[in-house]
Every structure is written in C-alpha cells, then in structure tokens.
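Here it is, the structure, as structure tokens.
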Amino acid sequence: MTTIAIIGGGPAGYVAAITAARQGQKVTLIEEGPLGGVCLNEGCMPTKALLESAAVLEKVQQAAEFGIRRSSPYVEIDWAYVQLRKEKIIRTLASGVKHLIKKNQIELVNGKARFNDPHSLWVTTAEGERIIRADKFIIAAGSEPVSLPFAPFAGEWVIHSGQALALSVIPATMLIIGGGVIGCEFASIYSRMGTKVSIIEMADQLLPGEDPDIAAVLHEKLKADGVSIYTSASAKKVEAEKKKVMAETAQGIRQFSPDCLLVAIGRKPRVAGLQLENSGVAYSKAGIEVNSQMQTSQPHIYACGDIVGGSQLAHVAFHEGTVAALNACGEAVHADYRAVPRCIYTSPEIAGVGLTEKQARAQYGDIKVGECAFSANGKSLILNEAAGKVKVLIEPQYNEIIGLSIVGPHATELIGQGTVMIHGEMTADSLERLIAAHPSVSEAIYEAVASTAGQAVHI
C-alpha cells in the first residue's frame, strides 16, 4: 500500500486526500489551520454569505417597486447577526469536510509541515515535533494576500480580504486598493450596507481580465451604489498612523482618509516556510512548477491548487487535487483547463467561460459575436434585474462556441450552460433547435447563440 502525505487541507488538499483514500491508499493530511482552507474559512464561502445579506437588503429596499409597502421607511441591519449567520455556514461546511476525512479513514495531523528531505517532513504540532515519511507527497499549501510594500497588514486599519470579512462594525468609509474580483466583491458588499466606498485600480477598467463592455455594466452599478471609482490610478503613500492614503489619479494627486483600507491586489503562492529547497522541487515566487499531471520536478512529489499559480479558483483546485491524487495513485490523467468558469459574485453578477472577446479575436481573427440584453428578457424584467447581457463567441471555421460571458441576474448559475457547451465542444448549429424554458433568464443564452445565425426572435 502506497502512503501519501498531503500538505494543506484546503480545496485542493482535502479533495486530493479523499480521492487517494478512495483509491485504497493510506493517506495522511497535514493542516496547520482549520480544514477547508481560505475558500471555506475566509474566502469564497463567507464572502458569498455577506454578499447574500447585502442582496436581501437591496431587495427589501426595492420592495415598493414590486408593490410591497413598508409601514416604516427604515430598514435595520443587524450586523452582529449577519456575522453569526456567516460563521454558522462556515461551521456547517467545515464539519462536513471533517466528516468526509474521518469517513475515508484519513489521518489528520494538525500542524505545520516543512520538508526535511525529498522523502520526509518535519511537522510541528501542539504536542511537539514529528517526522512523517511517505512514498508520495502532494503539496497543496494554498496562497496568501499580497501586501503593499509600504503598507503591511500590521494593524486594524490596513486590512486584507480575510480581515474585511470579520469587521466588528460596518465602516462609514472604506478605500479599496485593487479593482479586481476581490476588490469589486467587497465594494458590492459594503456599498450596499451603507459604507461610502472608493476603489483605486491601476488598469484602465475594473476587472482587467474581462472584456470592457462586460466590466462597464458593473462599473455603472457600483457608481449607482455610491462607489467612487478611480481607474488608471495607484496608491503612492500610506500613513497608517494618520489613516491617510495619497494616490495618483487621472485627476491628479488625491488624498483619502478612510475608516479602513482594504488592500486587494491579489494573492501569492504560500511557498515560504515549506523549506522546498530540501525537497529538490523547482519553484519560484510564481509558485511550484508542475506538468499537466500536477507532477513537480521530483517525480514522487505533486502540487496543486493556488500554490502552483495559475487560476486561483476553488473549482480549479478541486480539479487539480483530483488529478494530482489519481496520478500519485498510479493512474495517468491530465489537467484540462479548456472550460474553467470565472464567477464574480457582485451586483450584478459576472461570469465567463472560455475566451474573452479580446482573446478570441487575437486567436481567430474574424469571429461571430452574438448578444442578448437582459432588458429584452421577460424573467429579468420580472426580477427587476434588467441590466446586463449575454455574449457568445463563435469561431468561423467550425461554428464552435469558444467563449461565453454574462453580466446580469444569476450569471454565476447560468454559466454552467456555457461550461457544458465549451467542455463538449458544441457548435452553434447543434443548438439550432434547442427548446429553452420560458419565461427564464437562461433563454438569453439561446437567444445570444441564435443571433449569430440571424435566428433570434426576441431581440
């Protein structure tokens, strides 16, 4: 029986552990913090819990538009209960992961692991030091927030995303440095909770990885929610003791004095402290180097999840953890990134899969672009969420669907349809006689595809 030691109990690590155990392997999982990693404890899940509370608040505030009158014009936010609800969700999910670890007879070691040599680990636990030897290793140590060189996360004022989830009170003002996914999601939370939010983003648009027309819809909604947005801007000086930030914007140098400063400029692989130099594994600041089988430069050592760089998404970590574990168990499988959905849980939601329009034109040249605005979709009007659109991209030779972007209601759920289309290499022709449910928001996807052949009816 092969023994496999796994460093990290986040999405990549615990999935790898369960997968290997179900292949009949003896597995040891080492985690220094709570099971579930960043995603479950201070990332994906708690962020979405707060976003849902903000969405409910927004819906209540719009009640009159649905013919529902309140006797009082005031809506009270019980922030303490919002936090309690978030923590309850985390505990429920964490207990589920812990149950799966126990059910699959995985040895769980609470401690900090570092390589002693290519075939053993030193693990520091509450009981002291111990050595763990194994035939195979899987490194899934995750990532950590990137700080500004002149503004470390040293106090209660300069905070990272994990700390922004657990503020004791809703701040009156917040400055967010970074207008990517994390920054925009927190802007969407706190602006709807009543905070005056400002965003500084170095690129010329929010969400630099998405097409400008998609990001522009979110930009306008955030502005409507009272967010001040400064693109092509950068922070130049932070005085934490005075709670002041100097930034260079398109309008010149501007000073901010927010109640808290959220730095959301990205995350970096957590390679420090693992003593990878003792393992012989090749790595850099960008992460551990792996091949398509998640195998490192040491054939018996694998790595997966955020620590290898690439797309820092929990569902990518799930996939890579599965691939790493199966290969460590003797199979020959490869990671497949052709159809990775991108989900942004702002208001409105944004999701994409496959290529963006910019990427598609660079690769294929003259592509077909089909669009359907949600303002033409009956269910979206019923929901009072008519902003946004679906955009589908078709390559010219085979009519294959190569990209889908959505900004609007339930985008992160709808993108599943696009993921299946691209994963299955479907063509626009294959959907020619598709019957879409009516009324539904998902009809907009069919209409966008049909529009590329001039067959859309409702647009």
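Counting begins at 1 with the first residue of the sequence.
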Can you tell me how far the CZ atom of Phe374 sits from the NE2 atom of His410, to the nearest 0.5 Å?
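The NE2 atom of His410 is 9.5 Å from CZ of Phe374, to the nearest 0.5 Å.
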
Can you check whether Thr356's main-chain N or O pairs, donor with acceptor, with Gln359's side chain at less than 3.5 Å?
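Judged by distance alone, yes, a pair lies under 3.5 Å.
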
Would you give the length of the straight line joining atom OG of Ser71 to atom OH of Tyr74, rounded to the nearest 0.5 angstrom?
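One finds 12.5 Å between OG of Ser71 and OH of Tyr74.
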
Determine, step by step, whether Phe137 and Ile4 satisfy the side chain to side chain contact (heavy atoms under 4.5 Å, CB included) criterion, reporting the C-alpha distance in whole Å, the side-chain angles of both residues, the deciding distance to 0.1 Å, and the verdict.
CA-CA 6 Å; Phe137 296 87; Ile4 299 176; over 6 Å; no

Would you please say whether a donor-acceptor pair under 3.5 Å links the side chains of Arg114 and Thr124?
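A pair is found: one side chain offers a donor N or O, the other an acceptor, under 3.5 Å apart.
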
Spatial distance of atom CG (Leu218) from atom CD1 (Ile229) [nearest 0.5 Å]:
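Leu218 atom CG to Ile229 atom CD1 measures 7.0 Å (nearest 0.5 Å).
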
If only side-chain N and O atoms count, and only distance matters, is there a donor-acceptor pair under 3.5 Å linking Asn384 with Glu65?
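Glu65 vs Asn384: donor-acceptor pair found between side chains.
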
Glu385 and Lys379: salt bridge (charged side-chain N to carboxylate O under 4.0 Å, His left out), yes or no, with the steps?
CA-CA 9 Å; Glu385 297 182 48; Lys379 185 62 180 291; over 6 Å; no

Distance-minimising heavy-atom pair for Ile422 and Val353:
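Looking at all heavy atoms of both residues, the shortest contact is CD1-O, 3.5 Å.
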
Are Ile106 and Thr28 side-chain neighbours, meaning at least one heavy-atom pair lies under 4.5 Å?
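No; the side chains remain at least 4.5 Å from each other.
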
Working for side chain to side chain contact (heavy atoms under 4.5 Å, CB included), residues Phe115 and Ile139:
CA-CA 10 Å; Phe115 277 93; Ile139 307 170; 3.7 Å; yes

For a 4.5 angstrom cut-off between non-hydrogen side-chain atoms, does His99 reach Ile101?
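No, too far: nothing below the 4.5 Å cut-off.
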
Is the shortest distance from a Lys or Arg side-chain nitrogen in Asp259 or Lys243 to a carboxylate oxygen in the other one below 4.0 Å?
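Salt bridge flag = no for Lys243 with Asp259.
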
Heavy atoms only: give me the nearest Ala164-Phe186 pair and the separation to one decimal.
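Shortest heavy-atom separation between Ala164 and Phe186 comes out as CB-CE2, 3.5 Å.
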
Does Ile132 offer a backbone N or O that forms a donor-acceptor pair with the side chain of Trp122 under 3.5 Å?
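It does not hold such a pair.
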
Locate the shortest heavy-atom distance separating Ser188 from Ser347; write the atom from each residue and the value.
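Nearest pair, atom of Ser188 first, then Ser347: OG-N, 3.0 Å.
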
Asp211 side chain to Lys358 backbone, donor-acceptor under 3.5 Å:
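Yes; judged by distance alone, with no hydrogens or angles, the pair exists.
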
Under 4.0 Å between a Lys/Arg side-chain N and an Asp/Glu carboxylate O for Lys221 and Glu58?
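A salt bridge links Lys221 with Glu58.
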
CD (Glu241) with more than 12 external heavy atoms under 6.0 Å
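Yes.
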
Do Val56 and Ser53 touch side chain to side chain, with heavy atoms closer than 4.5 Å?
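The answer is no; the side chains never approach within 4.5 Å.
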
Quick test of your reading of the model: are Asp213 and Lys391 salt-bridged, counting only N-O distances below 4.0 Å?
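Yes.
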
Measuring only between side-chain heavy atoms, which start at C-beta, is Val109 closer than 4.5 Å to Val123?
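Yes, close enough: below the 4.5 Å cut-off.
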
Flag side-chain contact, heavy atom, 4.5 Å: Glu144 against Lys268:
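In contact.
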
Checking His160 side chain against Val263 main chain: does a donor-acceptor pair fall under 3.5 Å?
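Not at all, since once roles are kept as given, no pair shorter than 3.5 Å links the two residues.
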
Please indicate whether Lys98 has more than 12 foreign heavy atoms, meaning atoms of other residues, nucleotides or ligands, lying under 6.0 Å from its NZ.
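12 or below, so no.
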
Please check: side-chain N/O of Arg338 versus main-chain N/O of His423, any donor-acceptor pairing under 3.5 Å?
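Between the backbone of His423 and the side chain of Arg338 there is a qualifying donor-acceptor contact (under 3.5 Å).
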
Give a yes or no answer on whether the side chain of Arg254 reaches the backbone of Ala247 with a donor-acceptor pair at less than 3.5 Å.
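Checking the backbone N and O of Ala247 against the side chain of Arg254, no donor-acceptor pair under 3.5 Å is found.
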
Grab the two heavy atoms, one from Asn377 and one from Ala444, that are nearest each other, plus how far apart they are.
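Closest pair (atom of Asn377, atom of Ala444, distance): ND2-N, 4.0 Å.
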
With no hydrogens and no angle check, just 3.5 Å: does a side-chain donor-acceptor pair link Gln83 and Lys86?
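Yes, a side-chain donor-acceptor pair sits under 3.5 Å.
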
Could you tell me the separation between the CG atom of Asp225 and the OG1 atom of Thr346, rounded to the nearest 0.5 Å?
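Interatomic distance, Asp225 CG to Thr346 OG1, rounded to 0.5 Å: 10.5 Å.
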
Short N-O contact, Glu357 and Arg361, less than 4.0 angstrom
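Between Arg361 and Glu357 there is a salt bridge, with a charged N closer than 4.0 Å to a carboxylate O.
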
Within 6.0 Å of CD in Glu239, more than 12 heavy atoms from elsewhere
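Yes, enclosed.
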
Side-chain donor/acceptor of Lys236 to backbone N/O of Glu248, under 3.5 Å
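Between the backbone of Glu248 and the side chain of Lys236 there is no qualifying donor-acceptor contact (under 3.5 Å).
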
How about Met193 and Ile77: do any of their side-chain heavy atoms sit closer than 4.5 Å?
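Yes, close enough: below the 4.5 Å cut-off.
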
Start with the C-alpha distance between Ile406 and Ile350, add both sets of side-chain angles, then the distance that settles side chain to side chain contact (heavy atoms under 4.5 Å, CB included), and finish with yes or no.
CA-CA 6 Å; Ile406 307 172; Ile350 292 177; over 6 Å; no

Residue pair Asn116 / Leu121, side-chain heavy-atom distance below 4.5 Å:
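With C-beta onward as the side chain, the pair stays apart.
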
Please say which of Val238, Ile200, Ile177, Thr173 ends up in a side-chain contact (heavy atoms from CB on, under 4.5 Å) with Phe256.
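Considering Val238, Ile200, Ile177, Thr173, a side-chain contact (heavy atoms from CB on, under 4.5 Å) with Phe256 is found only for Ile200.
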
Ser228 versus Tyr230, closest heavy-atom pair with distance:
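In terms of heavy atoms, the two residues are closest at CB-CE1, 3.9 Å.
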
If you look at every heavy atom in Tyr345 and Glu349, which pair is closest and at what distance?
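In this case the closest contact between Tyr345 and Glu349 is CD2-OE2, 3.9 Å.
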
Test your reading of the model: is there a side-chain donor-acceptor pair from Glu289 to the backbone of Tyr283, 3.5 Å cut-off?
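No, Glu289 side chain to Tyr283 backbone: no donor-acceptor pair under 3.5 Å.
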
What distance do Ser405 atom OG and Ile214 atom CD1 have between them, rounded to the nearest 0.5 Å?
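So the gap between those two atoms works out to 5.0 Å.
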
Should Ile68 and Val60 count as side-chain neighbours, where that means a heavy-atom distance under 4.5 Å?
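No - every pair of side-chain heavy atoms lies 4.5 Å or more apart.
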
Do Thr47 and Glu185 have a side chain donor and acceptor closer than 3.5 Å?
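On atom types as modelled, these side chains do not qualify, holding no pair under 3.5 Å.
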
Rounded to the nearest 0.5 Å, what separation is found between the CD1 atom of Ile288 and the CG atom of Leu274?
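Answer rounded to 0.5 Å: 6.5 Å.
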
Would you check, one step at a time, whether the test side chain to side chain contact (heavy atoms under 4.5 Å, CB included) holds for Ile138 with Cys304?
CA-CA 7 Å; Ile138 299 176; Cys304 50; 3.7 Å; yes

Neighbour count >12 (heavy atoms, 6.0 Å) for atom CD, Glu76
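For Glu76, atom CD is not crowded (no more than 12 foreign heavy atoms under 6.0 Å).
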
Less than 4.0 angstrom from a charged side-chain N to a carboxylate O is my criterion; do Arg342 and Glu210 meet it?
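Glu210 and Arg342: salt-bridged.
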
Relative to the ring of Tyr337, is the ring of His319 parallel (under 30°), tilted (30 to 60°) or perpendicular (over 60°)?
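Perpendicular: the ring planes of His319 and Tyr337 meet at over 60°.
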
Using a strict 4.0 Å threshold on nitrogen-to-oxygen distance, state whether Glu107 and Lys102 make a salt bridge.
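Result for this pair is no, no salt bridge flagged.
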
Salt-bridged, Lys112 to Glu31, with N to O below 4.0 Å?
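No salt bridge links Lys112 with Glu31.
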
Arg270 side chain vs Gly142 backbone, donor-acceptor pair below 3.5 Å:
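The answer is no, because no donor-acceptor pair under 3.5 Å joins these two groups.
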
Side chain of Thr195, backbone of Ser191: donor and acceptor closer than 3.5 Å?
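A pair under 3.5 Å: no.
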
